[in-house]
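See structure below.
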Amino acid sequence: MTRLFRSIAFLEGISYLVLFANMLIVKPNDLTLYKTLLFPIGMTHGLLFIAYVYLAFAIKTQQQWTWRDLGWIQIASLLPFGTFVMEKKYF
């Protein structure tokens, strides 16, 4: 379960950065391409985010995290590069 969580955390972080790249790089240059890419990237990121949050709660007792640790892990999912930093700290 821990390996699955680490994989989801990594993929969630990548999808977050791809979503930002679409917004910051593609949108100013090609609005049509931006709109075309927004739904699949956004949906993928949304599903990975939900899986990340769910799995974090699911493995809380297995990893013996305190509620404070779980809170920081959840906050990491909201920050760019947060999931990568979280992985280094907690795994």
Side-chain angles (χ1 to χ4, degrees):
M1 183 89 109
T2 303
R3 190 177 328 161
L4 177 63
F5 179 72
R6 290 181 70 192
S7 299
I8 293 294
F10 178 76
L11 292 173
E12 196 271 337
I14 293 293
S15 71
Y16 199 22
L17 295 176
V18 170
L19 196 59
F20 274 134
N22 186 42
M23 179 181 64
L24 296 174
I25 298 170
V26 177
K27 186 177 181 179
N29 297 323
D30 189 354
L31 191 60
T32 306
L33 179 60
Y34 164 76
K35 290 179 181 180
T36 304
L37 295 175
L38 186 61
F39 180 77
I41 295 170
M43 182 63 74
T44 303
H45 173 68
L47 292 173
L48 288 169
F49 176 77
I50 291 169
Y52 176 90
V53 170
Y54 175 78
L55 287 172
F57 276 102
I59 68 170
K60 177 190 176 296
T61 55
Q62 177 188 1
Q63 292 293 320
Q64 299 176 347
W65 291 333
T66 64
W67 285 103
R68 182 179 177 166
D69 291 336
L70 183 64
W72 282 115
I73 288 167
Q74 297 298 344
I75 289 171
S77 69
L78 302 174
L79 303 172
F81 300 104
T83 56
F84 305 123
V85 172
M86 179 277 311
E87 183 189 4
K88 292 290 184 191
K89 182 175 181 178
Y90 288 99
F91 292 104

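The first residue in the sequence is number 1, and the count goes up from there.
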Please check if the number of heavy atoms outside [X] that lie under 6.0 Å from its [atom1] is greater than 12.
X     : atom1 : answer
Trp72 : CH2   : no
Lys27 : NZ    : no
Met23 : CE    : yes
Gln64 : CD    : no

- Task: Check each of Phe5, Phe10, Tyr16 against Tyr52 using the ring pair (Phe, Tyr, Trp, His ring centres under 6.0 Å) test, and report the only one that passes.
- Result: Phe5

- Query: Do you know which two heavy atoms are closest between Ser15 and Ile41, and how far apart they sit?
  - Reply: O-CG2, 4.4 Å

- Task: Would you name the heavy atoms of Ala56 and Trp65 that are closest together and state the gap between them?
- Result: O-CZ3, 3.7 Å

How many angstroms lie between [atom1] in [X] and [atom2] in [Y], if you round to the nearest 0.5 Å?
X     : Y     : atom1 : atom2 : result
Asp69 : Lys89 : CG    : NZ    : 7.0 Å
Ile25 : Leu33 : CD1   : CG    : 12.0 Å
Leu19 : Phe49 : CG    : CZ    : 12.5 Å
Ile8  : Ile50 : CD1   : CD1   : 11.5 Å
His45 : Leu17 : NE2   : CG    : 9.5 Å

- Task: Could you walk me through whether Tyr34 and Asn29 pass the side chain to side chain contact (heavy atoms under 4.5 Å, CB included) test, one step at a time?
- Result: CA-CA 9 Å; Tyr34 164 76; Asn29 297 323; over 6 Å; no

- Task: Fit a plane to each ring of Phe57 and Trp67, take the angle between them on a 0 to 90° scale, and name the class: parallel (under 30°), tilted (30 to 60°) or perpendicular (over 60°).
- Result: tilted

- Would you say Phe84 and Ile14 make side-chain contact, with heavy atoms under 4.5 Å? yes

- Do Ile73 and Thr83 have side-chain heavy atoms sitting under 4.5 Å apart? no

- Item | Glu12 versus Ser77, side-chain donor and acceptor atoms under 3.5 Å | no

ILVMFWY network linking [X] to [Y], side-chain heavy atoms under 4.5 angstrom:
X     : Y     : result
Leu78 : Leu48 : yes
Phe39 : Leu11 : no
Met43 : Phe20 : no
Leu4  : Val53 : yes

- Task: Check side-chain hydrogen bond (donor to acceptor under 3.5 Å, both in side chains) between Asp30 and all other residues, then give those that pass, not counting sequence neighbours.
- Result: none

